Amino acid sequence: MSAQTDAPSRRISTRAFTIGALLVALVIACVVSLWASSHPDGLEFVAASTGFGEAAQDSATAGSPVADYGVAGVENPWLSVAIAGAVGCAATFGFAWLVGRLAKRRSADDRAGDRS
């Protein structure tokens with residue numbers, strides 16, 4: 001028998017995995033996004049090419065503090081993008097965490113209801 005099969009396999013905790021994944025997402029959102037293309041995305045390019053780009057209207061969130069991948073009031077464009085990325089990442093993480101907690105609670109309630 002090898003030593004590897006005798007030792008119990010070490011699993012990473014859910015909390016450690018979640019923190020690690022959040023840190024990786026924040027690095028991608030805050031650092032890697034700085035090299036994103038400044039050219040229009042595919043939809044904007046097609047709209048401009050076909051002539052209906054002028055008919056476009058701003059979205060309801062166009063006036064929000066983090067509209068257009070930047071933060072209002074931050075003069076440095078790189079810092080503005082990094083902060084907007086961090087805010088978006090945190091909001092997405094928070095929403096996913098909330099959904100997970102609600103699903104876990106509902107699952108526990110369902111199991112408790114089966115016992116009565």
Side-chain angles (χ1 to χ4, degrees):
M1 257 186 184
S2 71
Q4 188 175 17
T5 57
D6 291 340
S9 63
R10 185 164 183 247
R11 293 186 51 181
I12 188 167
S13 72
T14 303
R15 178 173 290 175
F17 175 80
T18 302
I19 291 170
L22 179 59
L23 290 175
V24 169
L26 282 169
V27 166
I28 291 171
C30 297
V31 177
V32 177
S33 65
L34 299 176
W35 286 278
S37 175
S38 61
H39 297 295
D41 65 15
L43 184 59
E44 290 175 349
F45 178 78
V46 170
S49 298
T50 56
F52 70 88
E54 294 82 28
Q57 297 177 354
D58 284 340
S59 73
T61 60
S64 74
V66 289
D68 287 333
Y69 306 105
V71 177
V74 177
E75 299 302 321
N76 184 324
W78 286 34
L79 183 60
S80 179
V81 168
I83 293 171
V87 169
C89 187
T92 303
F93 174 79
F95 178 73
W97 180 82
L98 180 63
V99 168
R101 296 293 285 184
L102 292 173
K104 184 177 179 181
R105 181 182 302 159
R106 182 169 182 187
S107 176
D109 290 346
D110 289 345
R111 280 181 285 180
D114 290 343
R115 292 182 194 149
S116 29

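Here the structure is a predicted model, which is why all the values come from computation and not from measurement.
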Q. Side chains of Ile83 and Val74: does their closest heavy-atom pair fall under 4.5 Å?
A. yes
Q. Gly70 and Ala84: which non-hydrogen atoms are nearest, and at how many Å?
A. N-CB, 3.8 Å
Q.
On a heavy-atom basis, which atom in Leu26 and which in Ala86 lie closest, and how many Å separate them?
A. CD2-CA, 4.0 Å
Q: Group every Ile, Leu, Val, Met, Phe, Trp and Tyr by side-chain heavy-atom contacts under 4.5 Å, then state whether Val87 and Leu79 land in the same group.
A: yes
**Q.** Sub-4.5 Å side-chain heavy-atom contact between Leu22 and Thr18
**A.** no
Q) Do you know which two heavy atoms are closest between Ala16 and Ser13, and how far apart they sit? A) N-OG, 3.0 Å
Q. Between atom CG of Leu98 and atom CZ of Phe93, what is the distance when rounded to the nearest 0.5 Å?
A. 11.0 Å
Q | Ala67 to Ala62 - nearest heavy-atom pair and separation | A | CB-O, 3.2 Å
(Q) Taking the side chain as everything from C-beta on, heavy atoms only, tell me whether Ile19 gets closer than 4.5 Å to Leu23. (A) yes
Q: Locate the shortest heavy-atom distance separating Cys89 from Ala25; write the atom from each residue and the value.
A: SG-CB, 3.6 Å
(Q) With a sphere of 6.0 Å drawn around CZ of Phe52, does it hold more than 12 non-hydrogen atoms of other residues, nucleotides or ligands? (A) yes
Q.
Would you say that more than 12 heavy atoms from the other residues, nucleotides or ligands in this model lie under 6.0 Å from the CG of Asn76, or not?
A. yes
Q. Under a 4.5 Å side-chain heavy-atom rule over Ile, Leu, Val, Met, Phe, Trp and Tyr, are Trp35 and Ile28 clustered together?
A. no
